[in-house]
Amino acid sequence: MPKPFASSADMSAKTQTLEILADGVYALTAEGDPNVGAVEGEDFVVCFEALATPAAARDWLMILRAHTDKPIRHLVLSHYHAVRTLGASAFGTTSVIAHDKTRELIAERGKQDWESEFGRMPRLFKDPASIPGLTWPTATFSDDMSIDLGGDRGPLVLRHCGRGHTEGDIVAWLPRHRILFAGDLVETQASLYTGDAFHRDWAGPTLDRVASFGADTLIGGRGEVAHGREAVRAAIGQTRDFLETMLREVRDVRKRGGTLREAFTAVHAALEPSYGGWPIFEHCLPFDVSRLWDELEGIERPRIWTPERDREVWSTLQP
């Protein structure tokens with residue numbers, strides 16, 4: 001029997017876990033579903049990520065409101081993907097912050113990405129009719145941006161560490177607590193989605209910059225919170241190993257004149273023993289290998305994913 005397309009058959013509810021990482025610093029994880037977070041300022045809140053729909057975001061905000069009633073002043077989006085952005089209207093703020101490239105990507109391919117991700121991961125789109133349209137950042141930056149949290153809380157530093165999961169990924173750094181919200185640049189025991197990635201940059205200088213923060217706590221895009229420097233190093237190392245293994249296997253297949261299907265088979269065989277049990281491993285891998293093949297072919301920017309292209313790649317690569 002063919003494998004169900006992407007995560008279309010995964011309709012089971014995931015258990016959400018709220019962690020209070022420091023005074024006024026929150027992370028919500030959900031067994032490999034997208035993570036979200038929030039940071040309290042002196043008299044306001046900054047939220048990190050928006051989830052896939054306003055209905056899903058409101059569920060997260062109900063959990064957050066049990067701990068703080070401060071108004072949400074800023075919503076920070078780590079990148080452009082639909083499951084991270086389309087719930088933004090639930091936060092009730094006019095300040096939506098992202099990287100310059102994220103805004104460009106939404107303009108270029110946001111509608112297609114929405115349609116693609118809805119087909120791949122329908123369970124994440126709770127009440128899709130609640131989505132009012134594409135989410136547009138109201139403030140963008142190219143390198144760094146700092147939000148003064150007020151009082152003695154210090155800054156929340158937003159930074160672009162380079163091309164990685166997308167062209168426009170940003171992280172959020174709390175230097176006072178040494179806590180890093182890394183978005184999908186790091187996954188903590190959850191598979192990497194690299195269908196819009198720049199694998200060589202990500203595996204090298206981008207992850208080097210993420211590691212250079214020296215975080216004591218790291219919240220990745222999916223998976224559990226990494227507590228302690230050793231766990232943070234392990235999460236970054238696992239992410240790098242996943243990427244480097246893909247690069248090695250696909251390069252080897254190309255060097256011997258092999259095909260995309262052979263590259264997928266080689267990558268699957270190399271990664272499955274260590275990572276096959278991680279969330280969305282089978283879902284991600286065809287799209288990952290397809291993008292990496294393009295990248296090594298010299299296609300600099302990722303091709304736009306559509307529902308039609310998704311199905312074509314899936315049927316070509318998944319056994």
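All of these numbers come straight from a predicted model, not from anything done at the bench. Keep in mind that the numbers below use all heavy atoms, side chains included, and drop hydrogens, waters and symmetry copies.
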Q: Carefully, step by step, assess His199 and Thr194 under the rule side-chain hydrogen bond (donor to acceptor under 3.5 Å, both in side chains).
A: CA-CA 8 Å; His199 295 78; Thr194 74; 2.8 Å; yes
Sorted by first residue and then second, give each side chain to side chain donor-acceptor pair (under 3.5 Å) pair with at least one member in [range]; sequence neighbours left out.
range: residues 85-99; value: His74-Ser95
range: residues 227-237; value: Glu19-His227, Asp216-Arg229, Glu230-Arg233
range: residues 144-154; value: Asp144-Arg159

Can [Y] be reached from [X] by stepping across I, L, V, M, F, W or Y side chains whose heavy atoms are under 4.5 Å apart?
X: Phe181; Y: Val157; result: no
X: Leu185; Y: Leu77; result: no
X: Ile147; Y: Val45; result: no
X: Ile72; Y: Leu174; result: no
X: Leu260; Y: Leu247; result: yes

Got a donor-acceptor contact below 3.5 angstrom from the [X] side chain to the [Y] backbone?
X: Thr102; Y: Gly168; value: yes
X: Thr140; Y: Ala98; value: no
X: Thr138; Y: Val96; value: yes
X: Gln318; Y: Glu282; value: yes
X: Thr245; Y: Leu271; value: no
X: Thr68; Y: Arg65; value: no
X: Ser315; Y: Glu312; value: yes
X: Thr239; Y: Ala235; value: yes

Are the charged groups of [X] and [Y] less than 4.0 angstrom apart, N to O?
X: Arg84; Y: Asp184; result: yes
X: Asp143; Y: Lys101; result: no
X: Asp169; Y: Arg163; result: no
X: Glu244; Y: Arg248; result: no

Q) Can Arg254 be said to sit on top of Trp293's aromatic six-ring, NZ or CZ under 6.0 Å from centre and within 45° of the ring axis? A)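 So Arg254 does make the cation-pi contact.
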(Q) Cation-pi check for Phe287 against Arg120: NZ or CZ below 6.0 Å from the six-membered ring centre and within 45 degrees of the axis, yes or no? (A)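 Positive - Arg120 is close enough to the ring of Phe287 and near enough to its axis.
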Between [X] and [Y], which heavy-atom pair has the shortest distance, and what is it?
X: Val232; Y: Ala215; value: CG2-O, 3.7 Å
X: Pro4; Y: Trp314; value: O-CZ2, 3.0 Å
X: Pro302; Y: Gly195; value: CB-O, 4.0 Å
X: Ala266; Y: Glu249; value: CB-OE1, 3.8 Å
X: Ile280; Y: Ser7; value: CG2-OG, 3.8 Å
X: Tyr275; Y: Gln238; value: OH-O, 3.6 Å

Q) How are the rings of His268 and Phe264 set to each other: parallel, tilted or perpendicular (split at 30° and 60°)? A)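 Ring orientation of His268 relative to Phe264: tilted.
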Q: For the residue pair Tyr26 and His67, categorise the inter-ring angle as parallel (less than 30°), tilted (30 to 60°) or perpendicular (more than 60°).
A: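 Correct class here is tilted.
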Q: Decide if the gap between the ring center of Tyr193 and the ring center of His81 is smaller than 6.0 angstrom.
A: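 Yes - the distance between ring centres of Tyr193 and His81 falls below the 6.0 Å cut-off.
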Q.
Which residue in the set Leu180, Val36, Val25, Leu21 passes side-chain contact (heavy atoms from CB on, under 4.5 Å) when paired with Ile219?
A.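 With Ile219 as partner, side-chain contact (heavy atoms from CB on, under 4.5 Å) holds for just one option, Leu21.
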Q: Show your reasoning for whether salt bridge (Lys or Arg N to Asp or Glu O under 4.0 Å) applies to Arg240 and Asp208.
A: CA-CA 10 Å; Arg240 197 190 302 268; Asp208 288 346; 3.1 Å; yes
(Q) Going by the rule salt bridge (Lys or Arg N to Asp or Glu O under 4.0 Å), which residues pair with Asp113 if we only count those two or more places apart in sequence or in a different chain? (A)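 In terms of salt bridge (Lys or Arg N to Asp or Glu O under 4.0 Å), with neighbours along the sequence ignored, Asp113 is linked to no residue.
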Q | Residues forming a salt bridge (Lys or Arg N to Asp or Glu O under 4.0 Å) with Arg291, sequence neighbours excluded | A |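 Applying salt bridge (Lys or Arg N to Asp or Glu O under 4.0 Å) to Arg291 gives none.
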Q: Could you check Ser116 against Asp310 for side-chain hydrogen bond (donor to acceptor under 3.5 Å, both in side chains), going step by step and ending with a plain yes or no?
A: CA-CA 7 Å; Ser116 168; Asp310 286 355; 2.6 Å; yes
Can you tell if the side chain of [X] reaches within under 4.5 Å of the side chain of [Y], non-hydrogen atoms only?
X: Val171; Y: Phe213; value: yes
X: Asp33; Y: Arg123; value: yes
X: Phe44; Y: Val46; value: yes
X: Val83; Y: Phe125; value: yes
X: Glu31; Y: Pro279; value: no
X: Met121; Y: His283; value: yes
X: Leu156; Y: Leu149; value: yes
X: Ile63; Y: Gln16; value: yes

Nearest 0.5 Å, what's the [atom1]-[atom2] distance between [X] and [Y]?
X: Thr259; Y: Leu317; atom1: OG1; atom2: CG; result: 9.0 Å
X: Leu243; Y: Leu207; atom1: CG; atom2: CG; result: 6.5 Å
X: Thr217; Y: Ile179; atom1: OG1; atom2: CD1; result: 5.0 Å

Q: Report the C-alpha separation of Leu64 and Cys47 in whole Å, then their side-chain angles, then the decisive distance to 0.1 Å, and conclude whether the side-chain contact (heavy atoms from CB on, under 4.5 Å) test is met.
A: CA-CA 10 Å; Leu64 181 63; Cys47 286; 4.1 Å; yes
Q: Please check if any side-chain donor atom of Glu115 sits under 3.5 Å from a side-chain acceptor atom of Thr306, or the reverse.
A: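 Result is no, nothing qualifies.
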Q.
Quick one, Thr166 with Phe198, criterion side-chain contact (heavy atoms from CB on, under 4.5 Å). Give me CA distance, side-chain angles, the key distance, then yes/no.
A. CA-CA 7 Å; Thr166 72; Phe198 296 80; 5.9 Å; no
Q. Does atom CD of Glu40 have more than 12 heavy-atom neighbours from other groups under 6.0 Å away?
A.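 Above 12, so yes.
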Q | Over 12 foreign heavy atoms within 6.0 Å of NZ, Lys70 | A |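 Check passes, neighbour count above 12.
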Q) When Ile, Leu, Val, Met, Phe, Trp and Tyr are grouped by side-chain heavy atoms lying under 4.5 Å apart, directly or through other members, which residues fall in the same group as Ile299? A)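 Answer for Ile299: none, a lone residue.
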Q.
As a quick check of understanding, evaluate side-chain hydrogen bond (donor to acceptor under 3.5 Å, both in side chains) for Asp10 and Ser12, giving each step before the final call.
A. CA-CA 6 Å; Asp10 179 10; Ser12 60; 3.3 Å; yes
